[in-house]
Amino acid sequence: MPVVWVLGCVAALLATAVAAVGLGRRRGATQAVYAASFAASAVALITAGAQLALAEGVAPALTLPLGLPWLGARFRMDALAAFFLVVVNLGGAATSFYALGYGKHEAAPARVLPFFPAFLAGMNLVVLAHDAFSFLLAWESMSLASWALVMAHHRDADNRRAGLVYLVMASFGTLALLLAFGLLAGAEGSYDFAAIRAGAPTPLVAGLVPMLVLLGAGSKAGLVPLHVWLPLAHPAAPSHVSALMSGVMTKVAIYAFVRVAFDLLGDSAWWQSMVVLALGGGTAVLGVLYALMQHDLKRLLAYHTVENIGIIYIGLGLALTFEANGMGAAAALALTAALFHVLNHSLFKSLLFFGAGAVLTATGQRDMEHLGGLIRRMPYTSFAFLVGCVAISALPPLNGFVSEWLTFQAILQSPDLPQWGLKFLVPAVGGLLALSAALAAACFVKAFGVTFLGRPRTSAAETAREVDRCSLGAMFMLVALCVAAGIVPGLVIDALAPVTLSLVAERMPLQLEVPWLSVVPIAEARSSYNGLLVFLFIAFSASLASVVIRRFASHSLRRAPAWDCGFPDPSPATQYTAGSFAQPIRRVFGSLVFRAREQVDMPAPGDLRPARLQVEIRDLIWDWLYAPIAVAIGYAADRFNRLQFLTIRRYLSLVFLALVTLLLALAIWP
Amino acid sequence: MERLYFDAAHLLAGGLVLVSFVQLYQDRLYALLNVYAVHALVLALSVAWQAFVQDAPHLYVTAAIALVFKAIVIPVALHRLIQRLGIHREIETVIGVGPTMLAGIGLVALSMAVILPVTAEADPLAREDLAFALSVLLLGLLMMVTRRNAVSQVVGFMSLENGLVLAATGAKGMPLVVEISVAFSVLIAFVVIGIFLFRIRERFDTVDVQALDSFRGERQ
Amino acid sequence: MAIAFDVLVQGVQMTVVLLAAPLLTGFVRKVRARLMRRRGPSVFQPYRDLHRLLRKEVVLAENASWLFRVAPYLIFAATWVAAALVPTFATGLVFSWTADLIAIIALLGSARFFLALAGMDVGTSFGGIGSSREVMIASLAEPAMLLIVFTLALAAGSTQLSTVATYMASPDVGLRVSLGMALIALVIVAIAENARIPVDNPATHLELTMVHEAMILEYSGRHLAMIEFAASLKLLLYVSLIGCIFVPWTLAAADAGAAALGGGVVTWLAKLAAGGFMLALFETAIAKMRVFRVPEFIGAALMLGLLGTLLLFVSRAL
């Protein structure tokens, strides 16, 4: 059975983790561990892919005699699990391959090597789990393994703070999920997913559980306002782990939401989809605005993950709405759009984090303000990073555009919805989605332009060297997948058909039958898009232009100093920096969203001191939500501290009071 | 042909909402007065079209009153007033233009959300006109609330009244006497406000209402 | 046989679009000059400018990378493909289903992405100015355009331009408020995207006022020729777009005879002339805005698009 294969791979990963503890600092330990992880992930990927493409009918569940004695541990690989296993293991395989090269630069391998395979194993188990207990166990092990990886470089105070915030938010998330599964299990306490699916939930449960799962899975995915740990923790981990956390772990959180909201609960009320849509829209815009203000490359990528999670939740919210209103075809379209974006984001976000890791290895810098001109020193990395930037900005003919296009088509299906709240919310969310797409392009022009283009700003950037072949190989593998998914998106859409069939009982029309491999979401007269032809047309036009130019235009070329309107400045410090690039957008959007304020301190004429520009940005979510909570907890903790210093008589009276209260409760309770 | 009547009426009513938004966008007094004149002109056209569609000749008189008084006389008079008083001609807003426009869209959505479900079984021509009229009213109120200059508050009040006229003509059968009384009340309000403006300027040398607050002792 | 004819018509569209673009730019310049009581350059001057630039030597900055040299080709190719997909004289051309309106806008976005990167490449402050201002304008103009697309798609039931044009030419469309708002918003977005007054001055080299010119400051020779050509194509695309959506009655169907198609070409040229004239009139009548007032201007288009979409969501008759 395919499940057995994947469980075997998981066991191999766990064995590798244990072995890595033993191998410790030996030579070749890094290579061995990552090679083993790559092999295990590759086998799991092929198995899951075969299951998704070829399997028919309902998959059986496998029960292992582990865990709780009366429950066992159940695992099942249905279409949804197969798709997410493909995503997880693709990310895992690419990351392991990348780390074969990158891992050599790790200063403390003993702190990273044991936890990496355990992290991969945890993620695979979450997707495979078929009962609540194994699900939560795997979820927690995934969180703990990634926390250990975040704390790998623990001497840095920022990393320690990141670890603390991550731990608190992860615990909060698990608590919410625990409550959700407890409510789902009901009074009989049947944690098996099959039993939960078969049972009919009460309206209270049906109303409360999706919100709890939204809190729990949303905090792990990075939904605003629960996203605060993400930009602290993701950059703190080593780069290949950041790629896994941003590209893959957030998708596992999406899996949790999809599993509970679509599969286990079945029907949902339409007002719940309003909450999902509103949160998704807000997350998308806020994520990209935060990303635009950053000048740390990895933090920018982490905030941008928040934006893409918002886009995925918009798609999921639309699917919930359509399902609640009985519009099956539109629900299938929205769900396909969301899941396609899941795959796309794992591809290009991993690619971008690999690039950032390569830059970090080559220059030792993460701050864009100290980089520049890397396109000449690191040509292959910059090419791969460029493809990642084009893909993530949703530009045709690459894959990011296809999932955004499908989401827009899903939004255009919604005027037939009867509820008034949705009639106002959906166009607003459409506007927010359009705004976030445009801002994302701006963000990546900044990221690529300041880091790779221009002139080097420091000697670290001037003396950078290209990274090793394994890292480049992993990046180019992902580049090829991004291009392939953009040119033949019909393959991916057809591969997702079994997933949507199992969740909303409908699927998009068969794409491979459409002539010329176009993508036709509903009907050809309505809308269609052909990635292959767009790509070919662009290639044809560019070649035609270059042929004509070669034939008729002058060929001469001369190198000279830059024109710069006649004032070429030798200092590279006069180039645009990340902060100055973002200034117009900061003035337009930031003064409202971040209370961005600029203060200029100009010295009087004759005074020789330099002028100063100070930009102040406040994270309003932190100020209004988390800081008050932290203050309140501190205050309560101070008050409760008095319990440490009571006399013996007071402690005895506490015990007495507790006993009396319980006896009273017992007496009054009917 | 029916469809053309509906569409033209909606177009004119929607145009009135659009001109209200353009009023909210303005930050210079003379431009604001010109836009208000256009607002009254569109109202006159809309009322005239309603007169044609509903076959109610007394509405032509209403349209003529709107055209003469509100599109010509009042803007010219306010123009002269501003010149005589020498009022500062930039309009300061309480919140920026962007948030004001977003609030405007929210108000349009609100009026749609209120009127359309409530009047589900009424005449389709009237319901959407009523929703637009309520939007114009709310946008006029928004203008009064978010502007610091007394003249722009007067203009907001006038455009609010235009919305009321649109609502009244949209619902069939408004008698002329109502319009005469409404027009006279507008005229009286204008005269009163003009007198007040003169007195305020005499006393305090400015018509910025924030300056008034400091004299009331509310601000330090 | 019919397929060959269809492909021929599509090829003719692509060529005609390429040939007419500099003519439109020249016409707009001529009308502006005449309105300012100058004689102005000849209408065919842009063709001569392109020829001159192609013959000149390229002067490349010492630290320009391969991206700087490749970008003009990509920009030109993406803009030409987008312009060739907009129905100019006929709807339902054989490749018109390749990309709908959203894809056409995204293709223009790709061109802009590479142009902004090229501006950052040489590492001068002017390039940075141009790129940062351009992405700010784009961050408002693109959502406005997408909301306009939503309005049109909700009214016409499709994002495919041929279907939208056919719907707008049919009697079902009526006079709708949301479509009127879409028209005004589209004109504002077209002005912003084509770097025309009041958003940007296409003939300036002052740091205070440059956006598009600042990004292409370091380009010369054949590269500059391709970028200028791409800018003309973009203007042609937007004028054709406004024409095919809001004045659609003269568009021929793709399977009509050669006479109908010829008539379509003539009326398209007339629409271009009318559009160019009105653009020149508007540019002469209004002054350029300072950079931080431009977001308010485009924000107005965004609001109009949002309002149009909202009205159509709320009531299909609006």
Side-chain angles (χ1 to χ4, degrees), chain B residues 1-28 31 42 46 49 93 96-117 119-120 123-132 135-136 139, chain C residues 136-137 139-141 143-144 147-148 150-151 154-156 167-168 170-188 198 246 285-287 289-318:
Chain B
M1 221 37 201
E2 277 294 302
R3 184 66 196 279
L4 182 64
Y5 289 173
F6 277 23
D7 284 342
H10 288 163
L11 198 63
L12 288 167
L16 202 62
V17 174
L18 194 62
V19 177
S20 298
F21 271 107
V22 174
Q23 269 183 346
L24 277 175
Y25 182 76
Q26 297 306 320
D27 63 349
R28 296 207 171 106
V42 173
S46 174
W49 181 258
T93 59
V97 171
T100 314
M101 299 290 244
L102 275 174
I105 293 205
L107 287 174
V108 172
L110 179 65
S111 39
M112 295 275 158
V114 165
I115 299 272
L116 287 178
T119 58
D123 174 21
L125 177 57
R127 333 164 41 203
E128 279 146 4
D129 266 354
L130 212 55
F132 281 136
S135 316
V136 173
L139 287 173
Chain C
M136 172 195 71
I137 293 174
S139 71
L140 287 166
L147 284 172
I148 294 168
F150 281 1
T151 311
L154 289 173
Y167 172 79
M168 296 293 286
S170 73
D172 312 323
V173 66
L175 293 170
R176 288 171 135 184
V177 183
S178 44
L179 290 177
M181 292 182 175
L183 174 61
I184 299 176
L186 185 54
V187 168
I188 295 179
F246 291 103
I286 199 168
M289 289 180 176
R290 76 184 169 87
V291 170
F292 286 108
R293 282 220 47 169
V294 170
E296 291 176 5
F297 182 59
I298 310 180
L302 186 59
M303 297 299 160
L304 281 173
L306 187 60
L307 200 55
T309 310
L310 188 69
L311 287 176
L312 275 174
F313 258 83
V314 162
S315 159
R316 286 305 204 128
L318 287 172

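Basis for what follows: all heavy atoms, side chains included, without hydrogens, waters or symmetry-related copies. Here is the naming used below: chain letters follow the sequence lines, and residue numbers restart at 1 for every chain.
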query: Would you say the side chain of Val177(C) lies within less than 4.5 Å of the side chain of Leu18(B), judging by non-hydrogen atoms?
result: no
- line: Distance col, row Met303(C):CE vs Tyr25(B):OH, nearest 0.5 angstrom, shows 11.0 Å
message: Between Ile184(C) and chain B, with a heavy-atom cut-off of 4.5 Å, which part of the residue counts as in contact: side chain, backbone, both or neither?
response: side chain
task: State the CE-CG distance between Met101(B) and Leu306(C), to the nearest 0.5 angstrom.
output: 11.5 Å
- request: Calculate, to the nearest 0.5 Å, the distance between atoms CD1 and CG belonging to Ile105(B) and Leu302(C) respectively.
  value: 7.5 Å
Proximal component of Leu12(B), with respect to chain C [non-hydrogen, under 4.5 Å]: neither
- request: Calculate, to the nearest 0.5 Å, the distance between atoms CZ and CG belonging to Arg293(C) and Asp27(B) respectively.
  value: 5.0 Å
